[in-house]
Amino acid sequence: MDRRELLGSVSIFASLGEKEMDTLLQATTTKKMKPKEVLCRKGDPGNQLYGVLSGSLKVTATGTDGKEVMFGLMGAGEIIGEIALLDGEERSATVTAVEGTELLTLHRRELIPFLESHPRAAISLAVVLASRVRQLSDRAEDRQTMPLPGRIAKRLLSLSQQYGKHPIVGGPVEVRMPQQDLADLVGTTRESVNKQLRAWEEEGILELGRGRVVIKQPESLEVITARFEL
């Protein structure tokens, strides 16, 4: 994905004309990151908006018990850092590269004047923010009401749809994610996630590898999710 393609795929810029897109592109730069490299930490100044060109990053914070809480995973085509960029406050979470990642960067001094002169883009950004709040609310509700197998199945399906890869065309979907990160996403321990995944592997639903899960029977995960959502 190149810079123009990324901007065109982001909802807040999708309505821009060619000249407007050219103007915005001139204000962007790119940044490459290594696996486990920290992009920003909670409390850092929020001066830039990032778009993911390739790779993935995880968004985390430290809970009241001192443990890391994972809010989400960001992949190609998604934007990061919009909250602090808009209100001028500090970063609300820590963002770390999960794998080799390339980002598009846009500084606040360039974006704010642009939004002021392009109200449709500003409205689209508000929609993005509302969607993020809704996702966090849904995840919090799942942790309170859905048993662990349902949470794991639901999260694996979501990850496969957003970031899954097909090593063989038409074959099983591969989700590349350490089990600890999956545990953080569903609010449990790595040991609990591993126990459940091993059980599903024995049933032929999925196959485990180093830092990855290959989903062989997504329909089985859908049945598990639906069972616990009733």
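Note: hydrogens, waters and symmetry copies are ignored here, and every other heavy atom, side chains too, is used.
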CD/Glu219: more than 12 non-hydrogen atoms of other groups inside 6.0 Å = yes

Quick one, [X] and [Y] - any side-chain contact, counting heavy atoms below 4.5 Å?
{"X": "Val59", "Y": "Met74", "value": "yes"}
{"X": "Ile224", "Y": "Trp200", "value": "yes"}
{"X": "Val175", "Y": "Leu182", "value": "no"}
{"X": "Leu73", "Y": "Asp181", "value": "no"}
{"X": "Leu159", "Y": "Leu185", "value": "yes"}
{"X": "Leu221", "Y": "Gln217", "value": "no"}
{"X": "Leu49", "Y": "Arg108", "value": "no"}
{"X": "Arg91", "Y": "Lys42", "value": "no"}

Sequence neighbours left out, what passes salt bridge (Lys or Arg N to Asp or Glu O under 4.0 Å) with Arg190? Give chain and number order.
-> none

Apply salt bridge (Lys or Arg N to Asp or Glu O under 4.0 Å) to Glu99 and list each qualifying residue two or more places apart in sequence or on a separate chain.
-> none

For the [atom1] atom of [X] and the [atom2] atom of [Y], what is their distance to the nearest 0.5 Å?
{"X": "Leu24", "Y": "Leu111", "atom1": "CG", "atom2": "CG", "answer": "7.0 Å"}
{"X": "Arg41", "Y": "Thr60", "atom1": "CZ", "atom2": "OG1", "answer": "9.0 Å"}
{"X": "Met70", "Y": "Thr94", "atom1": "CE", "atom2": "OG1", "answer": "12.5 Å"}
{"X": "Leu197", "Y": "Ile205", "atom1": "CG", "atom2": "CD1", "answer": "10.5 Å"}

For the hydrophobic clusters of this structure (ILVMFWY residues joined by side-chain heavy atoms under 4.5 Å, transitively), does one cluster hold both [X] and [Y]?
{"X": "Leu157", "Y": "Ile152", "answer": "yes"}
{"X": "Leu104", "Y": "Phe114", "answer": "yes"}
{"X": "Val223", "Y": "Val213", "answer": "no"}
{"X": "Val38", "Y": "Val95", "answer": "no"}
{"X": "Leu53", "Y": "Ile79", "answer": "yes"}

[X] to [Y] - nearest heavy-atom pair and separation:
{"X": "Ala76", "Y": "Ser54", "result": "CB-CA, 4.4 Å"}
{"X": "Leu103", "Y": "Met33", "result": "CD1-SD, 3.6 Å"}
{"X": "Val173", "Y": "Gly164", "result": "CG1-CA, 3.6 Å"}
{"X": "Glu78", "Y": "Gly75", "result": "OE2-N, 2.8 Å"}
{"X": "Pro35", "Y": "Gly100", "result": "CG-N, 3.6 Å"}
{"X": "Val214", "Y": "Pro172", "result": "CG1-CB, 3.5 Å"}

Taking [Y]'s backbone N and O only, do any of them form a donor-acceptor pair with [X]'s side chain (distance below 3.5 Å, no angle check)?
{"X": "Glu202", "Y": "Ala199", "result": "no"}
{"X": "Thr28", "Y": "Leu106", "result": "no"}
{"X": "Glu201", "Y": "Leu208", "result": "yes"}

Indicate whether any N or O donor in one side chain lies under 3.5 Å from an N or O acceptor in the other, for Thr29 and Thr105.
-> yes

Side chains of Gln180 and Asp184: do they bring a donor and an acceptor to under 3.5 Å?
-> yes

Dump the intermediate steps for side-chain contact (heavy atoms from CB on, under 4.5 Å) on Leu148 and Gln196, then the final yes or no.
-> CA-CA 9 Å; Leu148 183 59; Gln196 183 62 70; 5.7 Å; no

Candidate pair Leu39 and Thr101, rule side-chain contact (heavy atoms from CB on, under 4.5 Å), full reasoning | CA-CA 10 Å; Leu39 175 64; Thr101 299; over 6 Å; no

